[in-house]
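The next block holds one structure in the form of structure tokens; read it before the comments.
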Amino acid sequence: MNSDVQIAGDPLALPHLLPPVPAHPATVAGFAGLARSIAADRAAWAPLVRYDATTRWYHRLRTGPGYEVWLLSWVPGQSSGRHDHGASSGVLTVLEGELTEHTGDGPRTLTAGAQQVFAPGYVHEVVNDALTPAVSLHVYFPGLTDMPMHPGQTADSGAAAAQPGVLAP
């Protein structure tokens with residue numbers, strides 16, 4: 001008597017019967033494109049946004065093989081403090097409002113739609129210097145495991161307090 005595998009063949013040997021492996025970015029440009037595509041899908045992220053006057057609000061929006069995506073909100077005056085992202089590279093995309101990025105090269109204003117790409121060890125501080133709230137999207141690859149703070153950070157202006165084992169993207 002023949003088995004089903006003998007009659008129909010091994011289904012695992014027929015790749016066309018398997019669901020496609022989800023594509024994920026492999027380059028910095030690919031991750032920037034991922035951020036743009038998520039930003040364009042406002043209906044998916046806008047209902048999730050919350051504003052907190054005491055600390056930056058953040059929500060992990062998505063994870064994938066070797067990356068994660070965070071959604072953050074910033075009320076006026078809130079700041080990340082000077083930090084880097086350890087071994088992770090990243091793409092910061094402003095979705096709404098305006099943020100100011102401070103680096104060793106000085107401040108840079110990021111308006112809605114602007115992106116900033118950075119490599120491991122890139123030190124910056126992100127601040128909402130505007131009079132209106134802002135929302136940003138952050139893609140980290142690999143996923144964020146370390147976010148060292150750097151001396152010279154500004155006085156607490158709504159930045160989340162760094163706690164051992166707790167990362168605030």
Side-chain angles (χ1 to χ4, degrees), residues 25 28-29 31-64 67-169:
V28 172
F31 283 106
L34 172 66
R36 282 191 302 275
S37 69
I38 294 170
D41 189 5
R42 183 179 173 74
W45 58 262
L48 302 172
V49 175
R50 302 290 178 264
Y51 297 97
D52 186 331
T54 60
T55 186
R56 287 179 301 126
W57 172 89
Y58 50 92
H59 170 76
R60 185 165 38 202
L61 192 60
R62 181 187 298 182
T63 59
Y67 72 93
E68 60 186 7
V69 180
W70 291 85
L71 184 64
L72 282 74
S73 71
W74 312 73
V75 298
Q78 287 182 334
S79 166
S80 66
R82 281 178 46 85
H83 66 281
D84 70 58
H85 301 95
S88 298
S89 294
V91 179
L92 180 162
T93 304
V94 178
L95 302 177
E96 292 180 351
E98 181 179 291
L99 294 170
T100 303
E101 180 189 42
H102 296 272
T103 66
D105 295 330
R108 176 178 178 216
T109 300
L110 303 169
T111 57
Q115 289 189 307
Q116 175 63 35
V117 175
F118 51 87
Y122 179 76
V123 178
H124 68 160
E125 177 177 21
V126 179
V127 182
N128 182 352
D129 287 330
L131 299 176
T132 58
V135 179
S136 58
L137 184 78
H138 303 245
V139 180
Y140 299 108
F141 47 98
L144 193 61
T145 59
D146 191 22
M147 196 171 124
M149 300 305 287
H150 290 263
Q153 71 186 57
T154 61
D156 183 27
S157 55
Q163 299 173 14
V166 176
L167 299 176

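In this chain, numbering begins with 1 at the start of the sequence shown.
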Return the minimal non-hydrogen interatomic distance between [X] and [Y], and the atom names on each side.
| X | Y | answer |
| --- | --- | --- |
| Val94 | Gly97 | CG1-O, 3.6 Å |
| Ala130 | Pro76 | O-CB, 3.3 Å |
| Pro142 | Ser88 | O-OG, 2.7 Å |
| Gln78 | Val75 | OE1-N, 2.9 Å |
| Gly86 | Asp84 | N-OD1, 2.6 Å |

With the side chain counted from C-beta on, respond yes when [X] and [Y] share a heavy-atom pair under 4.5 Å apart, and no when they do not.
| X | Y | value |
| --- | --- | --- |
| His102 | Asp129 | yes |
| Leu99 | Ser136 | yes |
| Thr103 | Tyr122 | yes |
| Leu71 | Val135 | yes |

Thr93 and Gln115 side chains, donor-acceptor separation under 3.5 Å
yes

Strictly by modelled atom types, are Glu125 and Ser79 linked by a side-chain donor-acceptor pair under 3.5 Å?
yes

When rounded to the nearest 0.5 angstrom, what is the spacing between [atom1] in [X] and [atom2] in [Y]?
| X | Y | atom1 | atom2 | value |
| --- | --- | --- | --- | --- |
| Leu92 | Phe118 | CG | CZ | 6.5 Å |
| Ser73 | Asn128 | OG | CG | 9.5 Å |
| Ser80 | His138 | OG | NE2 | 8.5 Å |

Any sub-3.5 Å donor-acceptor pair from [X]'s side-chain atoms to [Y]'s backbone N or O?
| X | Y | answer |
| --- | --- | --- |
| Glu96 | Ala112 | no |
| Trp57 | Val49 | no |
| Thr63 | Glu68 | no |
| Thr100 | Pro107 | no |

Identified ring-ring contact (aromatic ring centres under 6.0 Å, His included) counterpart of Tyr58 within the set Trp74, Trp70, Tyr140:
Trp70

Using the side chain to side chain donor-acceptor pair (under 3.5 Å) rule, pick out the option among Glu101, His150, Arg82 that qualifies with His124.
Glu101

side-chain contact (heavy atoms from CB on, under 4.5 Å) between Leu137 and Trp45, intermediate numbers included
CA-CA 10 Å; Leu137 184 78; Trp45 58 262; over 6 Å; no

